Amino acid sequence: MTNTLFSPYRLADVELPNRIVVSPMCQYSANDGCANDWHLGHLAMLANCGAGLMIVEATHVERHGRITHGCTGLYSDDNEAAMARVIAHCRRVGTAKLGIQIAHAGRKASAQRPWEGGGALKPGADPWETIAPSPIAFGAGWHVPRMATHEDIARVREAFVNAAKRAVRIGFDTIELHYAHGYLAHSFLSPVSNHRIDEYGGSLDNRMRFGREVAQAVRAAVPKSIALGARITGSDWRDDGLTADDAVVYAKALKACGLDYIDVSSGGVTADTRNPTTPGYNVAIAERIKREVGIATRVVGLIVTPALAESIVAEGRADMVAMARSILDDPRWGWHAARELGVDIPRAPQYQRVGPKLWPGAALRA
Ligand SMILES: Cc1cc2nc3c(=O)[nH]c(=O)nc-3n(C[C@H](O)[C@H](O)[C@H](O)COP(=O)(O)O)c2cc1C
């Protein structure tokens, strides 16, 4: 077996020590957008999982752009200070480079935390008005969003820029635009959720406009030394939805806006769509984007075993692999993958007694 998974990778000016990325994972545990001690412990743990890069959960660019009352934000000075504290701690104690995903939930905002049901907030639970390209609900029982006006679009674009500036000040190595999973940007791109007849709807070129404008504006505000990317939708997994062909066109357009990488996810455009359940179900789409667009490509989705992660990178199907549930399940996933692939990796000094000496018979190559 080779050890491509643990080879370094340069993303813009950022030297990632390996190709493993902790996928962003909402914790629904913030206070008015402010990260707290939950995030401190959780993220410090994940920053020591052996991944080269850890991405902080979808962090919202305006208060009404949050999915739930518990989602993190970067829309206030208090939010920025709270996140800065957590990230300074992760930087001190962890081995991973640090990224953040910035997002606007669109018609999936004003929702309950998953453990409260995960549906739309009920009257009495402080729901708020949501916005979307068209006044079409995400699913039965969801809020009908207000159709975003040109003023809304301009405000949200500026909110992305301001959140990105806060992320730069905090010192993140990478910033990721959340353009997937049915949230605002994805809902502009997909013909399933965007029925507009103005310049933001209709043709694919028009439906890409919102994402392109945000990407251009954020790129102008983020120094080139910080890797800026987007998580996009590889497929809506519906006959009337986005396809891999659309994802290739979109990735090209975003590359032209100056983005450094594309992260390929999929699904989530409506409440009733379901993703495939096969291991690495987005890999074929990522492979096309990497080949046809020529941009650094990351892929996510049921990549659970070190052997699969290694083969994706070694065969050049993607440059990086992102993992969510498997790392939540095993917060030392990277250490265990390294052992399985026969390599040793850096650990915090406090943890160095866990190493090759503990693995009788392990044949190390690096
Ligand atoms: C608890 C949890 C929270 C998540 N939150 C986010 C998020 O904030 N942003 C995002 O893009 N994806 C989010 N996701 C999706 C994951 O990042 C990932 O794309 C998905 O779980 C598929 O990868 P996996 O099979 O490795 O879990 C979340 C997933 C989980 C399990």
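Predicted model only: the values in this text are computed from it and were never measured. As the structure lists them, so they are numbered: ligands from 1, and atoms in each ligand from 1.
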Asks: Going by an N to O cut-off under 4.0 Å, is there a salt bridge joining R146 and D152?
Replies: yes
Asks: Going by the atom numbers of ligand 1, which of them fall below 4.0 Å from some non-hydrogen atom of L302?
Replies: 24 (P), 25 (O)
Asks: Which residue from G301, S265, P24 reaches closest to atom 28 (C) of ligand 1 through any of its heavy atoms?
Replies: P24
Asks: Taking R10 first and then D260, would you say they form a salt bridge - that is, a charged N and a carboxylate O separated by under 4.0 Å?
Replies: no
Asks: For atom 12 (N) of ligand 1, tell me which residue out of M25, R325, R231 has the closest non-hydrogen atom.
Replies: R231
Asks: Polar-atom distance check: A58 versus ligand 1, any N or O pair below 3.5 Å?
Replies: yes
Asks: If only side-chain N and O atoms count, and only distance matters, is there a donor-acceptor pair under 3.5 Å linking E129 with H64?
Replies: no
Asks: What atoms of ligand 1 come within less than 4.0 Å of a heavy atom belonging to V300?
Replies: 18 (C), 19 (O), 23 (O)
Asks: Would you give the length of the straight line joining atom OG1 of T174 to atom CG of L11, rounded to the nearest 0.5 angstrom?
Replies: 7.0 Å
Asks: On a heavy-atom basis, I'd like to know which of G280, A324, A180 is closest to atom 26 (O) of ligand 1.
Replies: A324
Asks: At what distance is the nearest protein heavy atom to atom 15 (C) of ligand 1, and which residue and atom is it?
Replies: H181 CE1, 4.0 Å
Asks: Under a 4.0 Å heavy-atom limit, does H178 contact ligand 1 with its side chain, its backbone, both, or neither?
Replies: side chain
Asks: Using a distance-only test with no angle check, is there a side-chain donor-acceptor pair under 3.5 angstrom linking T4 and E310?
Replies: yes
Asks: Show which atoms of ligand 1 fall inside a sub-4.0 Å distance from at least one heavy-atom site of S23.
Replies: 16 (C), 17 (O), 18 (C), 19 (O)
Asks: List every atom of ligand 1 that sits less than 4.0 Å from any heavy atom of Q101, numbering the atoms from 1 in the order shown and giving each element.
Replies: 7 (C), 8 (O), 9 (N), 10 (C), 11 (O)
Asks: Distance to 0.1 Å, residue and atom name: give those for the protein heavy atom nearest to atom 3 (C) of ligand 1.
Replies: C26 N, 3.3 Å
Asks: Within 45° of the ring axis of Y351 and under 6.0 Å from its six-membered ring centre, is that where the NZ or CZ of R332 lies?
Replies: yes
Asks: Does ligand 1 have an atom that lies less than 4.0 angstrom from a heavy atom of S326?
Replies: no
Asks: Are any non-hydrogen side-chain atoms of T130 and W142 less than 4.5 angstrom apart?
Replies: no
Asks: Is the positively charged end of R347 above the ring of W335, judged by distance under 6.0 angstrom from the centroid and angle within 45° of the axis?
Replies: yes
Asks: Hey, does the side chain of Y179 reach the backbone of G211 with a donor-acceptor pair shorter than 3.5 angstrom?
Replies: yes
Asks: Distance under 4.0 Å to a non-hydrogen atom of M323: what atoms of ligand 1 satisfy this?
Replies: 26 (O)
